[in-house]
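Below: the structure, in structure tokens.
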Amino acid sequence: MTEAFGPEEQDTGARHVTVRQRHAEMIRMVRETGFATIQSLAEHFGITPQSVRRDINTLSAKGLLQRYHGGAGPCLSTENMDYLDRKVLCLAEKKVIGRMVAEAIPNKSSLFINIGTTTEEVARALGGHKNLRVITNSLNVATILTGNPEVEIIVAGGLIRHHDGGIVGEAAIDFIRQFKVDFGIIGISGIDMDGTLLDFDYREVRAARAIMENSRQVFLVTDHTKFGRNAMVRLGNIDEIDALFTDQAPPASVQEQMRRGDVELYVGGEGESES
């Protein structure tokens, strides 16, 4: 649902964008510059400094920006936002991404699906598929897929993370390495402007790396808020995957890395892929 402008924004001649669009552009500006002052953001969007502060507070509470005195910077790279917050953030966009991926997966396929709120939406979108074999290190993904009797579910063993049902550790990695599948579907916490894939948990990254190495095709699923987002653990580079499924076109620098790696781009709402 489109959010309406407040009276204060209307009175100051704010640019004709929705609040959601303004927030997305604000995140992009902060990540590209490293820091943006309240005054510069107010001038850019044609709104009052008070409105900018409210926006920063909202985005900070969602873990998308870091609030500082006088402005905002990118989030810290050591800790991800809470799972329940991530679950509802960009939910509509994640559902679109899930449906796009499901359309690209034929029946009778074998898949890895890793931990993440976007990969969970992929699992939901696979509800009508037949004769799938899915290996996952996510209890949430496994639970979602149990609703489809046409899916054989294989769950990795290992240490269960209580906050999101993820399964990590050496046992999970060893288990994943026993298979070679048609498609590996992975999520990510951040994509740096040079195309580096980033996450917060070293153990989760090792499991995701094992999935990439044992999949014939690797599909990365992520919404636009991950572009330019900081995280401290390196998974790899975007040119190592086969296709990116997202809801908005990535920054130009990321797209350049994708072109070099011949990575396909699927953008929700556009109805077609770009090479």
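Quick note: residue numbers are just sequence positions, from 1. All heavy atoms count here, side chains included; hydrogens, waters and symmetry mates do not.
- You'll find the side chain of Met29 reaches within 4.5 Å of the side chain of Glu25, heavy atoms only.
- Checked by atom type, the side-chain pair Thr143/Thr146 shows no donor-acceptor distance below 3.5 Å.
- Here Asp262 does not pair with Arg259 in a salt bridge; the nearest charged N to carboxylate O distance is not below 4.0 Å.
- Residues Leu132 and Leu111 form a side-chain contact, since some pair of their non-hydrogen atoms from C-beta on lies under 4.5 Å apart.
- Residue Ala171 comes nearest to Gly158 through the heavy atom pair CB-CA, 4.1 Å, listed as atom of the first residue, atom of the second, then distance.
- A 6.0 Å sphere centred on CZ of Arg133 holds no more than 12 heavy atoms belonging to other residues, nucleotides or ligands.
- In this structure, CD on Glu256 lies 12.5 Å from CG on Asp194, to the nearest 0.5 angstrom.
- Of the possible donor and acceptor atoms, none in the side chain of Thr118 sits under 3.5 Å from a partner among the backbone N and O of Gly187.
- For Thr58, there are no side-chain hydrogen bond (donor to acceptor under 3.5 Å, both in side chains) partners two or more places apart in sequence or in a different chain.
- Between Arg53 and Pro49 the shortest side-chain heavy-atom distance falls below 4.5 Å.
- Between Glu240 and Arg209 there is a salt bridge, since at least one side-chain N of the basic residue sits less than 4.0 Å from a carboxylate O of the acidic one.
- Thr37 contributes atom OG1, which lies 12.0 Å from atom NE2 of His44 (distance to the nearest 0.5 angstrom).
- Arg203 has no carboxylate O lying under 4.0 Å from a charged side-chain N of Glu170, or vice versa, which leaves the two without a salt bridge.
- Applying the ring-ring contact (aromatic ring centres under 6.0 Å, His included) test to every pair with at least one member in residues 240-260, sequence neighbours left out, gives these pairs: Phe219-Phe245, Phe245-Tyr266.
- At least one donor-acceptor pair closer than 3.5 Å links the side chain of Thr136 to the backbone N or O of Ile113.
- With values rounded to the nearest 0.5 angstrom, Met212 atom CE is found 12.5 Å from Ile176 atom CD1.
- Under 4.0 Å is where a charged nitrogen must lie from a carboxylate oxygen, and between Lys108 and Glu150 no such pair does.
- For the side-chain contact (heavy atoms from CB on, under 4.5 Å) with Asp242, the qualifying choice from Val218, Leu220, Val263 is Val218, the only one to do so.
- Using a cut-off of 4.0 Å between Lys/Arg side-chain N and Asp/Glu carboxylate O, Arg161 and Asp201 are scored as salt-bridged.
- Between the side chains of Ser138 and Asn140, not a single donor N or O lies within less than 3.5 Å of an accepting N or O.
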Verdict with reasoning, Leu198 to Ile191, per side-chain contact (heavy atoms from CB on, under 4.5 Å): CA-CA 6 Å; Leu198 301 166; Ile191 302 175; over 6 Å; no
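- The shortest side-chain heavy-atom distance between Ile115 and Asp164 falls under the 4.5 Å cut-off.
- Under the 4.5 Å side-chain heavy-atom criterion for grouping Ile, Leu, Val, Met, Phe, Trp and Tyr, Ile160 is connected to Val141 within one hydrophobic cluster.
- Contact record, Pro250 with Leu244: CG-CD2, 3.8 Å, taken as the closest heavy-atom pair.
- Cluster membership check: Ile173 does not share its hydrophobic cluster with Tyr202, using side-chain heavy-atom separations under 4.5 Å among Ile, Leu, Val, Met, Phe, Trp and Tyr.
- Interatomic distance, Leu265 CG to Gln255 CD, rounded to the nearest 0.5 Å: 6.0 Å.
- The shortest distance between side-chain heavy atoms of Leu197 and Arg234 does not fall below 4.5 Å.
- The cluster map of Ile, Leu, Val, Met, Phe, Trp and Tyr, joined by side-chain heavy atoms under 4.5 Å apart, puts Val168 and Ile188 in different clusters.
- When all heavy atoms of Ala125 and Gly98 are compared, the pair lying nearest together is CB-O, 3.3 Å.
- Residues Val205 and Phe200 are not in side-chain contact: their nearest non-hydrogen atoms beyond the backbone lie 4.5 Å or more apart.
- For Asp199 against Glu204, the heavy-atom pair with the smallest separation is OD2-OE2, 4.0 Å.
- Among the candidates Lys95, Met100, Lys94, Glu93, the single residue satisfying the side-chain contact (heavy atoms from CB on, under 4.5 Å) test with Asp247 is Glu93.
- Contact check for Leu59 versus Ile56: no side-chain heavy atoms found under the 4.5 Å cut-off.
- A donor-acceptor contact under 3.5 angstrom links the side chains of Arg67 and Asn57, judged on distance only.
- At least one donor-acceptor pair closer than 3.5 Å links the side chain of Ser215 to the backbone N or O of Ile211.
- Counting heavy atoms from C-beta outward, Leu145 and Arg124 have side chains that stay 4.5 Å or more apart.
- Between Arg216 and Asp182, at least one side-chain nitrogen of the basic residue sits less than 4.0 Å from a carboxylate oxygen of the acidic one, meeting the salt-bridge criterion.
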Asp239 and Arg260: CA distance, side-chain angles, deciding distance, side-chain contact (heavy atoms from CB on, under 4.5 Å) verdict: CA-CA 7 Å; Asp239 61 12; Arg260 291 177 182 176; 5.6 Å; no
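- Within the structure, ring-ring contact (aromatic ring centres under 6.0 Å, His included) pairs that include any residue of residues 102-137 do not occur (at least two apart or interchain).
- For Phe183 against Ser109, the heavy-atom pair with the smallest separation is CE1-OG, 3.6 Å.
- Side-chain contact of Gln39 with Glu43: a donor-acceptor pair under 3.5 Å is present, judged by distance alone.
- Clustering ILVMFWY residues whenever any of their side-chain heavy atoms sit less than 4.5 angstrom apart, transitively, puts Leu64 in a cluster other than the one holding Met193.
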CA sep, side-chain torsions, deciding dist, call: Thr119, Ile186, side-chain contact (heavy atoms from CB on, under 4.5 Å): CA-CA 7 Å; Thr119 54; Ile186 61 172; 5.7 Å; no
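- A donor-acceptor pair is defined here as one N or O able to donate and one able to accept, closer than 3.5 Å; such a pair exists between the side chain of Asn148 and the backbone of Gly127.
- Annotation: the span from His23 atom NE2 to Leu65 atom CG amounts to 9.0 Å, rounded to 0.5 Å.
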Worked verdict on Val30 versus Ile27 for side-chain contact (heavy atoms from CB on, under 4.5 Å): CA-CA 5 Å; Val30 169; Ile27 292 167; over 6 Å; no
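- With values rounded to the nearest 0.5 angstrom, Asn114 atom CG is found 6.0 Å from Asn137 atom CG.
- Nearest heavy-atom pair, His224 versus Thr246, reported as atom, atom and distance to 0.1 Å: N-OG1, 3.9 Å.
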